[in-house]
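Presented below is the structure to which this report refers.
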Amino acid sequence: MDVEECWRRYGLRPVDADLDEIRTLLREHTARERRSQGEGDTELMRLCCFYLFNSGDVDDVLLIWSAKQASFDAACSIDIEFLLGHGLDATKAHLSANCAPAAAAALDRLRELEADGEFEGFSVEERSASYDRYYGD
């Protein structure tokens, strides 16, 4: 599946029943991208992360982080804000409660960016509306 097919299938806001398929698709392309940069479709990965951001499920944070860490291209394509679909504080709390090394790495990165002022004025609703305009045009 490519971005266009994904867009046709799920539209701007996939229904909850489609989220497991989207997670599977993201895992598949993340694995491909980890094997060899360019093998995974980073634009498709970005779209999947957008969908998961909008679902607001903190359990998707590490999946999105894994996708972002798959390669240099993925890191550039997937916005760090995609981790924050449930909000900055909830995401940090979720990551703090997880003892996985990936959770610690994601939490460290979020704290670093927060200290640099990266998330000043961040709002899930405003960011979602911004992504809607990006993908809806």
Solution key, residues 63-72 side-chain donor-acceptor pairs under 3.5 Å, sequence neighbours excluded:
{"residue": "S66", "atom": "OG", "partner": "R34", "partner atom": "NH2", "Å": "3.0"}
{"residue": "K68", "atom": "NZ", "partner": "A75", "partner atom": "O", "Å": "2.6"}
{"residue": "K68", "atom": "NZ", "partner": "I78", "partner atom": "O", "Å": "2.5"}
{"residue": "S71", "atom": "OG", "partner": "E33", "partner atom": "OE2", "Å": "2.6"}
{"residue": "S71", "atom": "OG", "partner": "D73", "partner atom": "N", "Å": "3.4"}
{"residue": "S71", "atom": "OG", "partner": "A74", "partner atom": "N", "Å": "3.1"}

Using side-chain heavy atoms (C-beta onward) and a distance below 4.5 Å, is F53 in contact with L83? no
Does E114 have any side chain to side chain donor-acceptor pair (under 3.5 Å) partners at least two apart in sequence or in another chain, and if so, which? K92
Selection residues 46-58 - residue pairs positive for salt bridge (Lys or Arg N to Asp or Glu O under 4.0 Å), sequence neighbours left out: R23-D57, R46-D79
Residues which pass side chain to side chain donor-acceptor pair (under 3.5 Å) with D89, listed by chain and number, not counting sequence neighbours: none
Can you tell me how far OG of S55 sits from CG of L19, rounded to the nearest 0.5 angstrom? 5.0 Å
Do you know the tightest heavy-atom contact between T91 and L84? OG1-CA, 3.7 Å
Partner residues of E125 under the side chain to side chain donor-acceptor pair (under 3.5 Å) criterion, sequence neighbours left out: S123
Measure the CG-CG distance between L88 and L113 for me, rounded to the nearest 0.5 Å. 10.0 Å
Table please: side-chain donor-acceptor pairs of residues 8-16 below 3.5 Å, with sequence neighbours left out.
{"residue": "Y10", "atom": "OH", "partner": "E21", "partner atom": "OE1", "Å": "2.7"}
{"residue": "R13", "atom": "NH1", "partner": "D132", "partner atom": "OD1", "Å": "2.7"}
{"residue": "R13", "atom": "NH2", "partner": "S128", "partner atom": "OG", "Å": "3.0"}
{"residue": "R13", "atom": "NH2", "partner": "D132", "partner atom": "OD1", "Å": "3.2"}
{"residue": "R13", "atom": "NH2", "partner": "D132", "partner atom": "OD2", "Å": "2.8"}

Rounded to the nearest 0.5 Å, what separation is found between the OG1 atom of T30 and the CG atom of L44? 9.5 Å
Is H29 reaching over with its side chain to a backbone N or O of D41, donor-acceptor style, under 3.5 angstrom? yes
Is any side-chain heavy atom of E43 less than 4.5 Å from a side-chain heavy atom of S77? yes
Ring pair (Phe, Tyr, Trp, His ring centres under 6.0 Å) pairs, two or more places apart, involving residues 79-125: F82-Y131
Would you compute the distance between atom CE of M45 and atom CZ of R32 and round it to the nearest 0.5 angstrom? 10.5 Å
Who are the salt bridge (charged side-chain N to carboxylate O under 4.0 Å, His left out) partners of D2, not counting sequence neighbours? none
Under 3.5 Å, sequence neighbours excluded: what are the donor-acceptor pairs made by side chains of residues 98-112?
{"residue": "N98", "atom": "OD1", "partner": "A100", "partner atom": "N", "Å": "2.8"}
{"residue": "R109", "atom": "NH1", "partner": "E112", "partner atom": "OE2", "Å": "2.3"}

Applying side chain to side chain donor-acceptor pair (under 3.5 Å), name anything that partners E39, two or more places apart in sequence or on another chain. R35
At what distance, to the nearest 0.5 angstrom, does CD of E81 lie from SG of C49? 12.0 Å
